[in-house]
Amino acid sequence: RIGREAEDLFARRKYFRALIRFTALEDHAGTAECHLRLKHSDEAARYFKLAGDFESAGMIYHKLKDYKSAMECFLKSEADEKDGYPMAKQAARKVRDIRWVCTQARNLFETGFYQKALALFSILGYAEPEIGICLKRMNDEAGWRKAWSRVTRLEDYSRLIDICLSQDEV
C-alpha cells in the first residue's frame with residue numbers, strides 16, 4: 001500500500017511526501033529519484049549508488065564536477081562497460097590529479113580488472129607497457145603487439161621489463 005502511495009505521490013510531483021515513503025520502504029531507486037527532483041544532488045547520487053545505478057550516480061557527480069567520484073561510478077556501470085568505458089575515460093580526463101588516476105589504474109590492474117585498468121591507462125601518456133600487459137591478460141594478441149610496438153622510450157622499456165618480470169610474463 002505504501003509503495004502505491006509513493007508512486008502516486010511521485011507521479012503527482014509531490015516529491016517530498018513520496019520521498020518519505022520510498023525511504024520507509026528502503027526503495028533506494030525511488031528515494032534517489034525524489035532527491036533528484038528535489039535538487040538534492042549529493043543525496044540522489046548516494047541513493048543511486050545504493051540502488052546499483054552507477055551510471056545515474058556518475059552522471060550526477062559529473063554535473064557536480066566531482067570527476068573522481070564520477071569516474072569511480074562509471075567504472076562500476078554495466079552500461080559504460082559495454083561501450084569500453086567512454087564515460088569513465090571522459091571523467092578521468094577531467095581529474096586534475098593525474099597521479100591519482102594512474103594509481104587507480106594500477107590498483108585495478110593489480111586486482112585483475114584489466115578492462116577497467118586499460119580504460120584508465122589509455123588516457124595516460126606513455127602507458128603503452130601497461131596497456132600491452134592489460135591486452136595480453138585479456139588475450140588480445142594483436143592489441144598487445146600493437147601497444148608494445150609503440151614503446152620507444154628507454155624508461156618505458158625498463159617499465160615493461162619490470163612489469164613482465166613481476167607478473168611472470170617472461
Side-chain angles (χ1 to χ4, degrees), residues 28-29 31-167 169:
H28 300 310
T31 302
E33 289 293 343
C34 289
H35 277 299
L36 187 62
R37 299 304 191 288
L38 292 167
K39 309 278 191 249
H40 305 157
S41 299
D42 287 329
E43 285 298 303
R46 185 167 79 87
Y47 278 97
F48 276 126
K49 285 185 349 186
L50 288 171
D53 186 350
F54 295 103
E55 184 176 22
S56 295
M59 297 298 263
I60 292 169
Y61 284 128
H62 200 271
K63 278 186 176 180
L64 294 172
K65 298 184 183 341
D66 182 352
Y67 300 119
K68 287 180 180 181
S69 296
M71 183 194 86
E72 289 172 336
C73 286
F74 289 134
L75 286 172
K76 293 176 183 175
S77 165
E78 290 179 15
D80 207 38
E81 179 182 8
K82 288 177 186 170
D83 296 329
Y85 296 107
M87 298 302 293
K89 290 179 192 178
Q90 181 183 19
R93 283 186 190 96
K94 293 181 179 183
V95 172
R96 291 182 185 225
D97 184 2
I98 203 70
R99 288 182 310 238
W100 181 86
V101 175
C102 187
T103 299
Q104 300 309 306
R106 288 188 198 289
N107 290 342
L108 289 166
F109 175 80
E110 289 170 6
T111 53
F113 294 103
Y114 303 116
Q115 187 177 1
K116 294 177 183 190
L118 176 63
L120 298 184
F121 283 132
S122 72
I123 69 153
L124 302 171
Y126 300 109
E128 282 81 11
E130 291 84 355
I131 291 170
I133 291 286
C134 287
L135 291 167
K136 186 160 182 31
R137 290 290 170 93
M138 294 165 56
N139 297 316
D140 181 349
E141 184 174 347
W144 67 259
R145 287 186 182 278
K146 183 177 178 184
W148 287 348
S149 73
R150 292 190 301 257
V151 174
T152 57
R153 301 178 332 148
L154 179 59
E155 53 265 24
D156 291 341
Y157 279 113
S158 296
R159 208 166 64 251
L160 177 57
I161 291 167
D162 289 343
I163 294 168
C164 287
L165 290 174
S166 71
Q167 301 289 321
E169 287 291 333

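All of these numbers come straight from a predicted model, not from anything done at the bench.
How far CZ of Phe121 is from NZ of Lys89: 13.5 Å, rounded to the nearest 0.5 Å. Taking OH from Tyr85 and CG from Leu118, the interatomic distance works out to 10.0 Å, rounded to the nearest 0.5 Å. Separating the NZ atom in Lys94 from the CG atom in Asp66 is a distance of 13.0 Å, to the nearest 0.5 Å. Rounding to the nearest 0.5 angstrom, the gap separating the NZ atom in Lys136 from the CZ atom in Arg145 is 8.0 Å. Atoms OG and CD, on Ser149 and Glu128 in that order, are 9.0 Å from each other to the nearest 0.5 Å. Distance CZ/Arg99 to SG/Cys102: 10.0 Å, rounded to 0.5 Å.
No side-chain donor-acceptor contact under 3.5 Å links Asp80 to the backbone of Leu75. Proximity of a side-chain donor or acceptor of Asp83 to a complementary backbone N or O of Pro86 within less than 3.5 Å is not detected. Judged purely by atom type and a 3.5 angstrom limit, Ser122 uses its side chain to pair as donor or acceptor with the backbone of Ala119.
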With side-chain contact (heavy atoms from CB on, under 4.5 Å) as the criterion, how do Trp144 and Ile133 come out once you've worked through the C-alpha distance, each side chain's angles and the decisive distance to 0.1 Å?
CA-CA 7 Å; Trp144 67 259; Ile133 291 286; over 6 Å; no
Output, in order, the C-alpha distance, side-chain angles, deciding distance and verdict of side-chain contact (heavy atoms from CB on, under 4.5 Å) for Phe48 and Leu36.
CA-CA 10 Å; Phe48 276 126; Leu36 187 62; 4.2 Å; yes
Would you sort out whether Phe109 and Tyr114 count as a ring pair (Phe, Tyr, Trp, His ring centres under 6.0 Å), showing the intermediate values?
CA-CA 5 Å; Phe109 175 80; Tyr114 303 116; 5.4 Å; yes
Given Lys68 and Glu72, is the salt bridge (Lys or Arg N to Asp or Glu O under 4.0 Å) satisfied, shown in steps?
CA-CA 6 Å; Lys68 287 180 180 181; Glu72 289 172 336; over 6 Å; no
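Closest approach of Ala45 to Ala57, counting heavy atoms only: O-CB, 3.6 Å. The two residues Ala29 and Ala51 make their nearest non-hydrogen contact at N-CB, 3.7 Å. When all heavy atoms of Ala70 and Gly58 are compared, the pair lying nearest together is CB-O, 3.5 Å. Shortest non-hydrogen contact noted between Ile60 and Ser41 is CG2-O, 3.4 Å. Heavy-atom minimum distance, Met71 versus Ala92: SD-CB, 3.5 Å.
Scored by the side-chain hydrogen bond (donor to acceptor under 3.5 Å, both in side chains) test, Arg93 finds no partners at all (sequence neighbours excluded). Looking at residues two or more places apart in sequence or on another chain, you find no side-chain hydrogen bond (donor to acceptor under 3.5 Å, both in side chains) involving Glu78.
Within a 6.0 Å sphere centred on NZ of Lys76, heavy atoms belonging to other residues, nucleotides or ligands number 12 at most.
Looking only at side-chain heavy atoms (C-beta outward), Glu130 and Arg106 come within less than 4.5 Å of each other. Within the 4.5 Å cutoff, the side chain of Met87 has no heavy atoms near those of the Phe54 side chain. Between Glu55 and Cys73, every side-chain heavy-atom pair lies at or beyond the 4.5 Å cut-off.
Exactly one of Lys39, Arg46, His40 qualifies for a side chain to side chain donor-acceptor pair (under 3.5 Å) with Glu43. That residue is Arg46. Each of Asn107, Leu120, Leu108 was checked for a side-chain contact (heavy atoms from CB on, under 4.5 Å) with Phe113, and the lone residue meeting it is Leu108.
Contacts classified as ring pair (Phe, Tyr, Trp, His ring centres under 6.0 Å) and involving residues 64-84 (residues at least two apart or in different chains) are given here: His62-Tyr67.
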